[in-house]
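Order of the sequence lines sets the chain letters (A, B, ...), proteins ahead of strands, with each chain counted from 1. Bear in mind that the values here come from a model prediction, so they are computed numbers and not experimental data.
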There are 2 protein chains.
Amino acid sequence: MSGNYLAGPQGLLWSINARAVLDVIDREGPLGRPEITRATGLSKTTVAQALRELVARGVVEEAGADTTRRGPAATLYRIAPRCALALGVDIGHLRIRAVLVDAAGETLAQAETRAPRRRVADTAAAVTALAAECAERAGTGPGDIGQAVVGVPAVVARDGRTVRRAYGLPQGGRGLAEVIERDLSVPLLLENDVNLAAVAEQRFGACAGVADFVLLGVGVGLGAGIVLGGRLHRGFAGGAGEVGFLPHPATELGTEVLGARRIAEQARQAGIEGSPSPQEIFESARGGDERALAVVDATARRIAHVAASIALVIEPELFVLGGAFGASADLLLGRIRRHLARDAAPLPIRIIASGVSGDAVLRGAAWLARHRARERAFAAVMGGRPHDMTTGGPYDTDLTGSGKGDIT
Amino acid sequence: MSGNYLAGPQGLLWSINARAVLDVIDREGPLGRPEITRATGLSKTTVAQALRELVARGVVEEAGADTTRRGPAATLYRIAPRCALALGVDIGHLRIRAVLVDAAGETLAQAETRAPRRRVADTAAAVTALAAECAERAGTGPGDIGQAVVGVPAVVARDGRTVRRAYGLPQGGRGLAEVIERDLSVPLLLENDVNLAAVAEQRFGACAGVADFVLLGVGVGLGAGIVLGGRLHRGFAGGAGEVGFLPHPATELGTEVLGARRIAEQARQAGIEGSPSPQEIFESARGGDERALAVVDATARRIAHVAASIALVIEPELFVLGGAFGASADLLLGRIRRHLARDAAPLPIRIIASGVSGDAVLRGAAWLARHRARERAFAAVMGGRPHDMTTGGPYDTDLTGSGKGDIT
DNA sequence: CCTTGAGTAGGAAACTTTCCGACCTACTCG
DNA sequence: CGAGTAGGTCGGAAAGTTTCCTACTCAAGG
């Protein structure tokens, strides 16, 4: 029933302990040997041995000396930044952004361009061009990138390649992954943009220690990035979080509850003329325009409705308002909370504003790419030994796997 | 970020390997040494040593000989059935059932009684009496029970003790866990009944290999048992799956979509007189009664509506129809599927009938109790060595823990 | 019917890997 | 100059593996 045996020869111990050393360094930045010894509980000798090996294999390097204490200076160790380069890409409706980061998370280069409208091949070409540009600026070749993660406004299957319901991609994004990977020859993963925003929220934003939360991303449509037990929940075919189609009393079945289009419609109904953009409507509302405020309130109401529905299904600890409208959290949050309180939801619902600055999708993509690139590099190092721990265990990074956990 | 270091001395290897041996025996029934050797990849010597220790510690025992092959008979090993006794209890609206199982899952004794209506103390007393009765019939004392799991028709917090919104328990079930545990002095866990039905479905029913599924339990109310990644998803405060309150066009906010009460109401509206029970209505429908069929269809429609909403949030692989109405799957399933098809849900939704025979809640409770009792027994055996793997890793059985997985 | 050989189970001894504790040296700040 | 710290080395302990050996059973052949 339980899955992985994880039995092995003594060499397994080396894997385990080296991995522990690696993790401590990874988590707590440059560290001296005595601290690593304390943190891992291993003996000085073992830590020294492990570090020697890890340095020899290129995933750890010395990083100066710690002279704060008296006595001889302790040499510090850190993850070698260049052991894993990662590319994050955000394919939005208007523009495509890319960022190249190293294993430490430092930004090495950024680039952006307008999003092509016609052909998938153009989109793919734009991505590879951005990757090449970033790589050149960082002084490496595109082939040195260990992992690329591309955020797309679409439902992505768990294989990270197949794309469905792509509203904002030419030709529905068919074959996008294949074309990019052929030209770039870098391990590639597509991922839903809202999911990546949720990752960013978890890593850089307001949900650092929260195991279960939902990011509500409002933009052209409404989507939810769902994190359960600290992991993204993608659903059987990647369709989890497509909450834009949740039934709403005032909406026909099969149409979206919320999104740029619906807001425009509501603006028309409210008597606003000139079909302004959502951003403009929110601007007017901030200025005190009654009709714009009515639209804002209707929007808040629908968000509250969706949040309540989600809460009844999975009861997350927290909702976060992100996406294009996340910037309007000042207008929306209070109203959403009022609607939630008024409708007397059976559960208390906490909702806050996004804590991520900048392009959340891009940052999430970069984080995920870095994580995978690094995991790959670490696994390669561990793989030199007979057994390793890279699958099934707590270090499992298989995003596409069946996820057949066994424990209830 | 990553949590558990899992570094350790050589003794750790013993834990790992012994655990691997234990798992193989656990999963594949009585096994000879050569097969264990093959399955774990360990050497003959190590397996022999581990088995010697495990037998000495009482969690494994010899189970005859395998004479199928030629040569000397291989002694078979199995988990010692008596190393962990577990009690499953189902507190229903009408009756309380209990079953005592051993570590192998064999039923040792069963008992049941009427559910008290007035005081929680009576309910608790009934449970302890059933436990004592089972223990006596099995020839042990109640104190030998390693774990008890009690299914209740209520929202249970993740600590397995605090009860909220208990429709079917006296005094809202307050203090139930404390009173039972005081009288019984056995580790106790309360659990939502629908969740336990989902566990049963996963272990004995139609969802054996399915990582993500939702059990729809229709009874007095409507609840969902949600299994994601093979694990029960309980929600932040145990309130996940309270889908009975999902908004429905034809229902006021804050009232339940479905349940015995609503069916009665619909029966009234359909012109059925004499306020028959749901069971009776379904019986009439099977007989061809038009008005009863209308009620059935309305029920199916609402179930379809709820399933569609859930699917948009978490997109499970499969829905299973269980609970009191699971028996009426023959009437409901086709109609539910028709409604789903008609409303053109954005996602394909698979829904099937429960595959569990007997009392699913009771069986789920027994399974979970057995799992935890056994895990506890195993952990105790492993604990004799300096390090063990019982927390954080793939063997984590902490149902109440924070679940702060790190990998996205 | 007996003999013999091949395949299997179980065990013991020698070797290898790995980790730990203890001891030692060198360095630096007070 | 001394106490406290960093880093290295050596021997011992623990665990697993390989190799060799014995004993047992089935099946084929004389």
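- Within the 4.0 angstrom heavy-atom criterion, only backbone atoms of the sugar-phosphate kind lie near A/Thr75; the bases stay farther away.
- Whole-Å rounding puts the B/Gln49 CD to C/dG10 P distance at 15 Å.
- Remark: A/Arg69 is in phosphate contact with D/dA6, judged by side-chain N or O atoms under 4.0 Å from OP1 or OP2.
- Between C/dC19 and A/Thr45, no contact under 4.0 Å exists linking OP1 or OP2 to a side-chain N or O.
- B/Leu368 approaches B/Val149 most closely through the heavy-atom pair C-CG2, 4.1 Å.
- Note on A/Glu191 versus A/Arg234: salt bridge recorded, some NZ/NE/NH1/NH2 to OD/OE distance being below 4.0 Å.
- Between B/Leu13 atom CG and C/dT16 atom C1' the separation is 14 Å, expressed in whole Å.
- In the set C/dG11, C/dA26, C/dC29, the nucleotide with an atom closest to the side chain of A/Arg70 is C/dC29.
- Contact check, B/Thr46 against D/dA15: no side-chain N or O comes under 4.0 Å of OP1 or OP2.
- Rounding to whole angstrom units, CG of residue B/Leu31 and C1' of C/dG10 are separated by 16 Å.
- At the heavy-atom level, B/Ala48 lies nowhere under 4.0 Å from the strands shown.
- Toward the 5' end of DNA chain C, the nearer of the two residues A/Val47 and A/Thr67, judged by each one's closest nucleotide, is A/Val47.
- Put simply, B/Asn17 has no side-chain N or O that comes within less than 4.0 Å of OP1 or OP2 on D/dA15.
- When rounded to the nearest whole Å, the span between CG of B/Asp66 and P of D/dT25 equals 13 Å.
- Here the C1' atom of nucleotide C/dT16 and the CG atom of A/Leu12 are 16 Å apart, to the nearest Å.
- The existence of a salt bridge linking A/Arg19 and A/Glu53 is excluded, since no basic side-chain nitrogen approaches an acidic carboxylate oxygen closer than 4.0 Å.
- Listed nucleotides C/dT18, C/dC20, C/dG10 differ in distance to A/Trp14; the shortest reach to its side chain belongs to C/dT18.
- Close to D/dG8, at under 4.0 Å from its OP1 or OP2, lies a side-chain N or O of A/Arg33.
- If you check distances only, the side chain of A/Lys44 does reach the base of D/dG7 with a donor-acceptor pair under 3.5 Å.
- One finds a salt bridge joining A/Arg374 and A/Asp26 here, because a Lys/Arg side-chain nitrogen approaches an Asp/Glu carboxylate oxygen to under 4.0 Å.
- The residue among A/Ala74 and B/Ala73 whose nearest nucleotide of DNA chain D is located toward the 5' end is A/Ala74.
- By the 4.0 Å N-to-carboxylate-O rule, B/Arg370 lies too far from B/Asp102 to be salt-bridged with it.
- Of the listed nucleotides (D/dG4, C/dC20, D/dG16), C/dC20 has the atom at the smallest distance from the side chain of A/Ser43.
- In this structure, the nucleotide among C/dG10, D/dG4, D/dT17 sitting nearest to the side chain of B/Pro34 is C/dG10.
- Rounded to a whole Å, the CD1 atom of A/Ile16 is 13 Å from the C1' atom of D/dA15.
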